[in-house]
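First comes the structure, then the notes that go with it.
Because the structure is a prediction, the values reported are computed rather than measured.
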Amino acid sequence: TNKWYSEHLFAMREPILHNNDFGAKIYRFTWLRTFNYPIAIRLELRHDECYLHWKVCNGAGGYEPGKLIRNKRKKIDSKFWELFEQRINKLGFWNLATNHKTIGNDGAEWILEAKTKDQYHVVHRWSPNEEDQFYQVCNYLIELTSLNIKDRNKY
């Protein structure tokens, strides 16, 4: 699993979070849908400035990542960071188990990582439903981008 996720993140030119000190607080959502383009969305707070990065490869999340086809970044207002952190806290992210027992075929891997100066945590869920708080937290990041993904493709 680690090799599979790492191949996608490497193809998207994403940094390794767990063992680095970036001088920033970072959240990253990696979305690997079986037959759709792999996507990574990273939210960073660095020196009181917030940035949102999103990357897309032209492969398939359940197979090969393909090549990087979209690499976007924008500065965002700190209120979006604060709203995200409120959602993270309400979810109890830092206390969630990394893995959940639910797995399946032809769905999607939803991977949310967080890195601070002193902590790293990752939570992985398979195809959460839209009522799930974990889904809502990750979907918030999707909605901050210009990806315009239809709800029926958010599985």
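Taking CG of Asp132 as the reference point, atom SG of Cys138 lies at 9.0 Å (rounded to 0.5 Å). Note that the CG atom of Leu147 and the CD1 atom of Ile41 stand 5.5 Å from one another [nearest 0.5 Å]. With values rounded to the nearest 0.5 angstrom, Ile39 atom CD1 is found 3.5 Å from Ile149 atom CD1. Here the OH atom belonging to Tyr120 is positioned 9.5 Å from the NZ atom belonging to Lys115, to the nearest 0.5 angstrom. The CZ atom of Phe80 sits 11.0 Å away from atom CD of Glu82, with the distance rounded to the nearest 0.5 Å. Here the CG-CD distance, from Asn58 to Glu64, works out to 11.5 Å after rounding to the nearest 0.5 Å.
Nearest heavy-atom pair, Gly61 versus Leu32, reported as atom, atom and distance to 0.1 Å: O-CB, 3.8 Å. Contact record, Leu68 with Lys55: CD1-CB, 3.8 Å, taken as the closest heavy-atom pair. When all heavy atoms are compared, the tightest approach of Asp77 to Lys79 is OD1-N, 2.8 Å. Among all heavy-atom pairs drawn from Gly66 and Cys57, the shortest one is O-SG, 4.2 Å.
Between the side chain of Thr34 and the main chain of Gly107, a donor-acceptor pair closer than 3.5 Å is present. Listed for the Lys74 side chain is a donor-acceptor partner under 3.5 Å among the backbone atoms of Leu144. A side-chain donor-acceptor contact under 3.5 Å links Asn89 to the backbone of Glu85.
Hydrophobic clustering (side-chain heavy atoms under 4.5 Å, transitive across Ile, Leu, Val, Met, Phe, Trp, Tyr) keeps Val56 apart from Met12. Residues Tyr140 and Ile111 do not share a hydrophobic cluster, clusters being chains of Ile/Leu/Val/Met/Phe/Trp/Tyr side chains in contact below 4.5 Å. Residues Leu43 and Leu83 share a hydrophobic cluster, clusters being chains of Ile/Leu/Val/Met/Phe/Trp/Tyr side chains in contact below 4.5 Å. Ile26 and Ile88 fall into different hydrophobic clusters, where Ile, Leu, Val, Met, Phe, Trp and Tyr side chains are chained together by heavy-atom contacts under 4.5 Å. A continuous path of hydrophobic side-chain contacts links Val137 to Ile76 [ILVMFWY only; heavy atoms under 4.5 Å].
Annotation: Tyr37, atom OH; neighbour count of heavy atoms from other residues, nucleotides and ligands within 6.0 Å does not exceed 12. More than 12 heavy atoms of other residues, nucleotides or ligands shown are found within 6.0 angstrom of CG on Asn153. Around CZ of Arg46, the count of heavy atoms belonging to other residues, nucleotides or ligands within 6.0 Å exceeds 12.
For the pair Tyr51/Leu45, no side-chain contact is recorded, criterion being any heavy-atom separation below 4.5 Å from C-beta on. Between Gln119 and His121 the shortest side-chain heavy-atom distance does not fall below 4.5 Å. Put simply, the side chain of Glu130 does not reach to within 4.5 Å of the side chain of Lys154, judged on heavy atoms. Leu112 has its side chain out of reach of Val122: every pair of non-hydrogen atoms, C-beta onward, lies at least 4.5 Å apart. When side chains are defined from C-beta on, Trp54 counts as touching Arg70, because their heavy atoms get closer than 4.5 Å. At least one side-chain heavy atom of Leu96 sits less than 4.5 Å from a side-chain heavy atom of Leu91. Within the 4.5 Å cutoff, no side-chain heavy atoms of Asn129 are placed close to those of Tyr135. At least one side-chain heavy atom of Glu44 sits less than 4.5 Å from a side-chain heavy atom of His53.
Residues satisfying the side-chain contact (heavy atoms from CB on, under 4.5 Å) test with Asn36, not counting sequence neighbours, are Arg33, Tyr155.
Other residues sharing the hydrophobic cluster of Phe35, ordered by chain and number and joined by side-chain separations under 4.5 Å: Tyr63.
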**Prompt:** Can Phe29 and Arg42 be said to form a side-chain contact (heavy atoms from CB on, under 4.5 Å), step by step?
**Reply:** CA-CA 6 Å; Phe29 169 50; Arg42 183 168 24 97; over 6 Å; no
CA sep, side-chain torsions, deciding dist, call: Trp94, Thr116, side-chain contact (heavy atoms from CB on, under 4.5 Å)
CA-CA 11 Å; Trp94 292 96; Thr116 66; 4.1 Å; yes
Dump the intermediate steps for ring pair (Phe, Tyr, Trp, His ring centres under 6.0 Å) on Trp126 and Trp110, then the final yes or no. CA-CA 6 Å; Trp126 182 82; Trp110 293 55; over 10 Å; no
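Side-chain N/O atoms of Tyr27 and Glu113 include no donor and acceptor closer than 3.5 Å.
By the 30° and 60° cut-offs, the orientation of the rings of His8 relative to Trp4 is perpendicular.
Electrostatic pairing of Glu14 and Arg28 counts as a salt bridge here, judged by a charged N lying under 4.0 Å from a carboxylate O.
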